[in-house]
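The block underneath contains the structure these notes are about, expressed in structure tokens.
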Amino acid sequence: MPDTMNPAINPDAKARLDAVLSRLNAATQRSGNTARLLAVSKLQRGDAVAELAACGQTAFGENYVQEGVTKRRELEAAGLSGNAAPLEWHLIGPLQSNKAELAAKHFDWVQSVDRAKLIPLLAKGRSAEAAPLNVLIQVNIDDEASKSGCRPEEVPALADLIAAQPALALRGLMAIPAPHPDIEKRREAFAKMRQLFEALRRGHPGVDTLSMGMSDDFELAIEQGATMVRVGTALFGPRPAKA
Ligand SMILES: *Cc1c(COP(=O)(O)O)cnc(C)c1O
């Protein structure tokens, strides 16, 4: 059935999603790589998420644990938890230790694991009946003082700790390179992440995800080997201010 037959389709949301998907497809074709689209819905209302879900987008990223939990509940209560496929929720913002168990209960992925202390807390929060929680290690690839993320040399030890927890599934790495105006500097950061990812994959065969690239540089990230790009503004428009 064509989308135009579906009254729930908002044409503006569909146009933004189509524009991002065509940029993404052009980049994957040029590079021969494949990449999934994560829609970053932080600070956006639940109905904006529902509109994109109605257009077929299934993976959503949130920065704040409580906001993500509330939005997921709201959508599920409204029966808007996706079309054929259930929605998948990713935590991409910095994680405080006291929120780790809550995050492990309500998200499908946590992309911001950057210190050992979080790992047993995430495992403890994940019930034995649930599928393992998918985990990415966040790397502070440009060594910025203000950013979360571990140092590149800390990745192997964190990976071993995650792999030792049956409630967790180590899937790969995430980074937010500095928004450097010089495109070559960004390319270098993405390329360094790709090297770290390949090294990690040699020791951990379940690793398949390299999450990097946002609204204004995701094509470059795909060219350098991103397998997941995190796009907010280009999909939803500008974000409302945090309340
Ligand atoms: C907000 C955010 C994004 C999306 O950024 P846009 O520039 O709006 O696409 C991606 N990743 C993380 C970790 C974010 O916090």
Side-chain angles (χ1 to χ4, degrees), residues 12-13 15-24 26-27 35-46 48-49 51-52 55 57-69 71-72 88-96 99-100 103 107-115 118 134-150 171-181 183 185-187 189-190 193 196-197 209-243:
D12 294 335
R16 287 192 302 264
L17 178 60
D18 286 348
V20 167
L21 288 176
S22 71
R23 283 172 60 189
L24 186 146
R36 288 183 73 198
L37 175 63
L38 181 71
V40 176
S41 47
K42 63 169 177 243
L43 304 177
Q44 303 289 352
R45 297 202 332 265
V49 173
E51 285 171 0
L52 272 195
C55 298
Q57 176 64 27
T58 54
F60 292 89
E62 290 284 338
N63 283 56
Y64 311 100
V65 175
Q66 193 53 59
E67 179 187 336
V69 170
K71 215 175 283 179
R72 180 175 200 162
E88 187 182 286
W89 294 86
H90 295 233
L91 181 70
I92 61 172
L95 180 56
Q96 293 169 283
K99 300 271 175 63
F107 284 84
D108 305 297
W109 291 65
V110 173
Q111 300 202 3
S112 46
V113 174
D114 63 356
R115 56 198 191 279
L118 291 172
N134 297 295
V135 168
L136 302 183
I137 299 170
Q138 182 178 352
V139 182
N140 184 354
I141 194 65
D142 286 315
D143 197 18
E144 294 172 277
S146 61
K147 284 271 176 73
S148 24
C150 69
R171 298 293 296 271
L173 301 176
M174 184 271 249
I176 314 172
H180 209 287
I183 204 79
K185 291 272 195 270
R186 290 203 209 186
R187 193 192 310 277
F190 288 143
M193 284 302 301
L196 278 178
F197 175 68
T209 303
L210 177 56
S211 167
M212 58 186 192
M214 319 205 295
S215 286
D216 60 6
D217 60 9
F218 71 81
E219 289 105 326
L220 184 65
I222 291 171
E223 204 180 276
Q224 297 301 316
T227 71
M228 183 183 289
V229 294
R230 308 179 308 266
V231 178
T233 312
L235 283 173
F236 290 99
R239 277 181 283 279
K242 188 160 163 49

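Starting from 1, each residue takes its place in the sequence as its number. All ligand and atom numbering here is 1-based and tracks the order in the structure. Values below: all heavy atoms of this structure, side chains included; hydrogens, waters and symmetry mates excluded.
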Practice item. Write down, by chain and number, every protein residue that brings a non-hydrogen atom to less than 4.0 Å from an atom of ligand 1. Key: V40, K42, N63, I92, I176, M214, S215, R230, V231, G232, T233, R239
**Study point:** Selection residues 221-230 - residue pairs positive for side-chain hydrogen bond (donor to acceptor under 3.5 Å, both in side chains), sequence neighbours left out
**Key:** R187-E223, S211-R230
Exercise for review: Evaluate the criterion salt bridge (Lys or Arg N to Asp or Glu O under 4.0 Å) for residue pair R36 and E88; output intermediate values, then yes/no.
Suggested key: CA-CA 12 Å; R36 288 183 73 198; E88 187 182 286; 3.1 Å; yes
Exercise for review: Evaluate side chain to side chain contact (heavy atoms under 4.5 Å, CB included) for V65 paired with F107, printing each intermediate quantity in order.
Suggested key: CA-CA 9 Å; V65 175; F107 284 84; 4.3 Å; yes
Exercise for review: Taking ring pair (Phe, Tyr, Trp, His ring centres under 6.0 Å) as the test, write out the residues that go with F218, two or more places apart.
Suggested key: none
Study note, to complete from the structure: CD (E51) and CG (L235) are apart, to the nearest 0.5 Å, by 12.5 Å
Review point. For D142, which residues count as a salt bridge (charged side-chain N to carboxylate O under 4.0 Å, His left out) partner, sequence neighbours excluded?
Key: none
